[in-house]
There are 2 protein chains.
Amino acid sequence: MRPQEIIAAKRDGKVLSESQIKTFIDGVCDSSWADYQISALIMAMFIRGLDRDEQASLTRAMLYSGEVLDFSEIDRPKADKHSTGGVGDKTSLIIAPLVASCGVAVPMISGRGLGHTGGTLDKLESIPGYNVNLTTEEFHRIINECGFAMSGQTADIAPADKKIYALRDATATVPYIPLIVASIMSKKLAEGLDALVLDVKTGSGAFMKSYDDSRTLAEELVATGNKFGVKTQAVISDMGQPLGQYCGNAFEVYECLKILRNEIEPSARPTWELSLELSARMLVLAGVSDSLKSARSLINTKLESGDALECFRQNIELQGGDPRVCDDPAVLLDGSLLEYPITATSSGYLAGTDSFAIGIGIVEIGGGRTRAEDTIDPAVGLRCEAKIGDEVKAGDGLGVLLCRSESQAEHVHKRILNAYTIGPEKCDSPKLVREIIG
Amino acid sequence: MRPQEIIAAKRDGKVLSESQIKTFIDGVCDSSWADYQISALIMAMFIRGLDRDEQASLTRAMLYSGEVLDFSEIDRPKADKHSTGGVGDKTSLIIAPLVASCGVAVPMISGRGLGHTGGTLDKLESIPGYNVNLTTEEFHRIINECGFAMSGQTADIAPADKKIYALRDATATVPYIPLIVASIMSKKLAEGLDALVLDVKTGSGAFMKSYDDSRTLAEELVATGNKFGVKTQAVISDMGQPLGQYCGNAFEVYECLKILRNEIEPSARPTWELSLELSARMLVLAGVSDSLKSARSLINTKLESGDALECFRQNIELQGGDPRVCDDPAVLLDGSLLEYPITATSSGYLAGTDSFAIGIGIVEIGGGRTRAEDTIDPAVGLRCEAKIGDEVKAGDGLGVLLCRSESQAEHVHKRILNAYTIGPEKCDSPKLVREIIG
């Protein structure tokens with residue numbers, strides 16, 4: 001079947017068969033479909049829609065377009081967490097060693113930051129020497145030795161997704177739920193998991209800004225995971241403001257290491273709380289704990305004993321990084337950065353934060369990417385001081401921009417300042433965990 | 001403005017501004033838009049639609065993406081004819097010399113065949129030596145010397161269209177009226193014309209199969225031409241069966257030369273009648289004749305005197321071809337071809353012809369292209385014997401396939417035979433000229 005026939009069918013609003021979708025994905029993988037044909041079909045899918053069967057066919061075709069990992073040599077249960085992406089969202093770095101130290105293998109395949117959101121791989125690379133490009137063999141070996149590994153998507157894992165995602169990013173076809181589901185789940189299902197917990201973000205810094213969309217996405221992800229035989233649950237969490245204390249790659253790793261050292265600063269508490277919630281659910285789904293309560297208790301033990309930190313230290317060594325960052329996380333920080341305070345221009349209560357604008361501000365000082373090929377400055381970032389619900393007075397610090405120069409600071413200062421809405425009325429701090437799906 | 005922003009606007013059904021459309025076309029020309037971004041936007045335009053203002057903006061941007069020819073050095077009026085494409089549609093080769101011999105300059109920029117339709121350039125290339133790749137200077141000089149020239153679209157004429165058309169062909173986005181209008185008119189308006197007659201095909205072999213669509217296309221083309229200051233008229237003509245006696249490149253040139261020699265066989269009469277209709281309208285629009293009647297009379301004089309044939313002979317010499325084809329058109333034909341008759345399997349009246357299937361059949365024996373880069377066999381074709389309305393008996397010849405081998409013939413025989421519908425009831429021969437628009 002010629003690409004044009006499949007494209008025309010979706011162009012005209014027809015439902016594509018499993019075999020048409022497989023033909024498409026095969027064509028993506030063997031390059032018999034040109035990029036412009038792929039993007040034309042994706043746009044037609046975006047506008048005309050994909051039903052549940054098409055979504056499942058697409059996920060299946062993308063999943064089996066590549067290698068599906070098999071960890072049957074590891075007798076522990078396998079679980080992973082995946083976040084739909086946010087600003088200051090760094091829980092993977094805490095969850096992976098924490099859950100691994102509780103006896104669950106975590107084969108975590110992560111991505112890079114793009115647009116306003118950060119990516120786990122970029123964060124990890126701010127640890128000197130840390131290698132995120134593991135071969136499948138290294139990935140297996142490291143999980144075997146320390147319980148978890150964190151790597152980029154190899155060419156063998158869901159190769160169709162890698163190509164399609166890059167095209168979607170360039171053609172304004174990212175924010176469509178069935179495409180998001182197929183993209184996420186084709187990678188996560190390739191990890192050979194028993195259990196998967198999804199952190200679906202909602203609010204100004206999430207891809208899904210409306211709560212209804214976040215909920216739909218969570219439901220579709222959970223349904224797809226379970227359909228493919230992986231115990232799946234989703235936590236809808238608030239991304240109405242950046243998560244925790246810092247945004248910016250090295251700063252976020254610093255925040256995580258401090259948490260793993262059980263030196264949790266007040267503004268980093270949401271990072272810990274969300275990590276605890278997600279980790280506990282992973283332990284229950286994986287069958288290691290029989291209740292959330294016992295899971296939380298086990299996790300707290302592993303945090304306080306230093307086992308989780310020790311697990312991360314081992315991982316850093318195995319992935320080629322410098323483990324001394326575990327002893328003194330501050331070595332990650334660049335002392336030469338300019339500290340540029342963002343101060344409130346009126347008094348009242350912090351009513352809202354445009355996390356998207358903050359994410360874009362970080363990109364503009366070099367901390368993120370506009371295009372996949374951009375290089376980043378891992379050192380820069382933002383220290384978040386005020387949180388929604390806080391009372392603030394004109395002149396109070398809302399945050400501190402940590403950047404390279406005055407001109408950088410002046411360039412983004414207004415965007416960041418405008419991201420904070422101060423209102424006259426007292427308002428509540430938003431609930432971090434909004435809802436559990438599945 | 002980033003490509004993604006413009007793509008997202010049309011994706012969401014917004015109306016694009018003139019400046020957004022110009023940004024897009026500039027991006028096509030300077031390659032700052034990738035092919036996959038162009039095709040994503042084109043698909044969004046196809047599905048979401050373009051209104052009249054957007055259609056005009058697109059035409060304008062594509063027109064001025066390249067050179068607009070200026071024939072002010074020629075003091076005759078300039079006119080051209082453009083067909084929306086059909087099967088056996090070869091009138092350009094008759095009209096150009098005919099109209100030129102009546103005192104109108106014809107700067108004809110033509111295309112190649114693709115899919116089921118033929119293309120003037122391929123037909124001309126079956127004349128030994130004929131060069132269809134003229135520089136702008138050659139194009140001017142030849143028109144000055146013999147009154148017309150026929151050339152492919154140079155890289156300087158509407159370059160955006162060339163790129164976009166190739167992508168549309170590969171991404172199932174050809175059949176959408178505003179895109180067709182912008183594609184046709186950006187090239188035709190670049191010819192520096194005073195008058196333009198459009199031959200909008202309707203029926204089984206046309207891109208627009210429904211009459212309503214053909215009519216809408218005709219109206220939009222005429223409105224666009226007039227808006228840009230070119231006197232424009234459209235003739236909606238029947239493509240419910242192949243036009244005239246032959247389909248196939250060399251055979252079609254043969255048919256045209258026989259007509260220009262005033263040796264018009266009965267089955268070639270529709271070719272002549274449509275050529276006469278279109279030519280007469282060109283003369284009136286160009287101001288050379290004051291009525292269709294006097295235009296027809298002038299044309300008949302030029303045919304009978306041999307002036308039109310002489311004009312074509314001069315053109316062939318000027319474009320590097322062998323002018324002896326004018327003396328003996330049969331030299332164009334390859335005597336070694338296999339003649340494979342297509343015979344009726346039942347008796348009755350020829351009620352309908354699937355010209356699209358016939359066009360595809362010709363492609364399958366090598367006479368056309370599936371992809372722009374395919375090479376063609378100019379010699380092969382089909383001689384059309386039965387016409388809609390004819391009484392036929394089982395065993396009567398409907399046509400003769402002229403191809404290279406038995407296996408070729410057996411391969412397409414059934415497709416061609418199935419293209420003919422024989423019914424029990426007497427039916428009328430369809431009107432060739434259905435309606436005049438403008």
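Proteins come first, then strands; the chains are lettered A, B, ... in the order of their sequence lines, and each starts at number 1.
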Distance, nearest 0.5 Å, that separates CZ of B/R11 from OG1 of A/T171: 9.5 Å

Under the side-chain contact (heavy atoms from CB on, under 4.5 Å) test, residues paired with B/K163 that sit two or more places apart: B/V28, B/S31, B/D35, B/I38

With A/R215 via salt bridge (charged side-chain N to carboxylate O under 4.0 Å, His left out) - residues at least two apart: A/E219, A/E435

Largest heavy-atom contact set with chain B, pairs under 4.5 Å, which of A/A170, A/A44, A/A8, A/P3: A/A170

Exercise: identify the closest heavy-atom pair between A/A40 and B/S39: N-OG, 4.0 Å

Chain B contact residues among residues 13-26 of chain A, heavy-atom distance under 4.5 Å: none

Interface residues of residues 45-61 of chain A facing chain B - non-hydrogen atoms under 4.5 Å apart: A/F46, A/I47, A/R48

B/M43 side chain near A/I7 side chain, heavy-atom distance below 4.5 Å: yes

Interatomic distance, B/L167 atom CG to A/Q37 atom CD [nearest 0.5 angstrom]: 9.0 Å

